[in-house]
Amino acid sequence: MDSLQLATTYLQSDLQGRYITNEDILPLIKLLNNRFKINIEGKSVLDKPIYSVRFGIGKIKVFAWSQMHGNESTTTKALFDFFNYLASNETLAENWYTSFTFLSIPILNPDGAAAY
């Protein structure tokens, strides 16, 4: 599969535009399959949940976050594309499940995301 086909196959089309908030990602988080573990890591200053998404059981650990600055939503979109790939039946995704543990925080600053 070439890069363009890969990108379009696993694109999370429900995340569009510049403004991505917890309200946008929560329905998508709820749709992730049981190989993903969802947690609330804490609360923001304005008491909004800070979600984490964990995938995999491997020894190699990878941590990523997005929207440390609330107006930087491009990586949030990319994370959900990546989650779609990880949820697929692709051989590489299956291998990554056993080789890696991916932990991500899709929106590190939910207050800033809401305020943009």
Side-chain angles (χ1 to χ4, degrees):
M1 182 178 305
D2 68 32
S3 298
L4 180 59
Q5 183 182 9
L6 183 66
T8 55
T9 299
Y10 297 104
L11 177 71
Q12 181 50 259
S13 59
D14 293 332
L15 292 179
Q16 295 185 5
R18 296 170 51 186
Y19 307 99
I20 306 294
T21 66
N22 273 0
E23 290 73 26
D24 299 308
I25 67 168
L26 187 55
L28 301 174
I29 286 173
K30 289 180 178 180
L31 291 174
L32 293 172
N33 67 34
N34 63 1
R35 294 181 113 185
F36 293 86
K37 305 300 180 218
I38 311 307
N39 195 29
I40 295 175
E41 296 297 332
K43 298 279 186 162
S44 69
V45 171
L46 297 178
D47 205 36
K48 293 181 183 343
I50 299 171
Y51 297 101
S52 68
V53 178
R54 181 183 304 264
F55 175 88
I57 57 173
K59 292 182 181 180
I60 301 169
K61 298 186 180 8
V62 178
F63 177 64
W65 72 86
S66 180
Q67 284 188 258
M68 177 171 70
H69 303 114
N71 65 344
E72 297 173 345
S73 60
T74 304
T75 308
T76 303
K77 296 173 197 174
L79 278 174
F80 280 89
D81 296 348
F82 184 55
F83 297 158
N84 287 343
Y85 179 76
L86 293 175
S88 74
N89 292 323
E90 297 281 346
T91 302
L92 188 57
E94 296 288 329
N95 291 340
W96 284 355
Y97 181 79
T98 57
S99 299
F100 295 93
T101 299
F102 295 102
L103 178 65
S104 61
I105 299 178
I107 299 180
L108 188 60
N109 180 358
D111 300 338
Y116 197 77

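We're numbering straight along the sequence, starting at 1.
Aromatic rings of F80 and F83 (six-membered ring for Trp) have centroids within the 6.0 Å cut-off, being under it.
Distance alone, capped at 3.5 Å, is enough to place a donor-acceptor pair between the K37 side chain and the N34 backbone.
When each of F100, Y97, F82 is paired with F55, the ring pair (Phe, Tyr, Trp, His ring centres under 6.0 Å) condition holds for Y97 and for no other.
Side-chain contact between R54 and K61 is absent, with no heavy-atom pair separated by less than 4.5 Å. Within the 4.5 Å cutoff, the side chain of M68 has no heavy atoms near those of the N109 side chain. Y51 places a side-chain heavy atom less than 4.5 Å from the side chain of I40. Within the 4.5 Å cutoff, the side chain of F63 has heavy atoms near those of the I105 side chain.
Here the closest heavy-atom approach between residue P106 and residue T76 is recorded as O-OG1, 3.0 Å. Considering every non-hydrogen atom in both L79 and S66, the closest pair reads CD1-CB, 3.9 Å.
A distance of 8.5 Å separates OG1 of T9 from CG of L4, quoted to the nearest 0.5 Å. Between the CG atom of D111 and the OG atom of S44 there is a distance of 3.0 Å, given to the nearest 0.5 Å. In this structure, CH2 in W65 is found 15.5 Å from CD1 in I107, a value given to the nearest 0.5 Å. Interatomic distance, CG of L15 versus OG1 of T74, reported as 11.0 Å (0.5 Å rounding). Distance check, rounded to the nearest 0.5 Å: CG of L86 to CD of E94 gives 10.0 Å.
Cluster annotation: Y10 and V53 are assigned to the same hydrophobic cluster (Ile/Leu/Val/Met/Phe/Trp/Tyr, side-chain heavy-atom contacts under 4.5 Å, transitive). Transitive grouping of hydrophobic side chains (ILVMFWY, heavy atoms separated by less than 4.5 Å) brings I60 and I57 into a common cluster.
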query = Is there a side chain to side chain contact (heavy atoms under 4.5 Å, CB included) between W96 and Y85 once you walk through the steps?
reply = CA-CA 11 Å; W96 284 355; Y85 179 76; 3.9 Å; yes
task = Verify side chain to side chain contact (heavy atoms under 4.5 Å, CB included) between Q67 and T75, making sure each step is shown before the conclusion.
result = CA-CA 7 Å; Q67 284 188 258; T75 308; over 6 Å; no
Name the atoms and distances for all side-chain donor-acceptor pairs under 3.5 Å in residues 18-30, with sequence neighbours left out.
residue: R18; atom: NE; partner: Y116; partner atom: OH; Å: 3.1
residue: R18; atom: NH2; partner: Y116; partner atom: OH; Å: 3.2
residue: T21; atom: OG1; partner: E23; partner atom: N; Å: 3.3
residue: T21; atom: OG1; partner: E23; partner atom: OE1; Å: 3.0
residue: T21; atom: OG1; partner: D24; partner atom: OD2; Å: 3.2
residue: N22; atom: ND2; partner: P49; partner atom: O; Å: 2.8
residue: D24; atom: OD2; partner: T21; partner atom: N; Å: 2.8

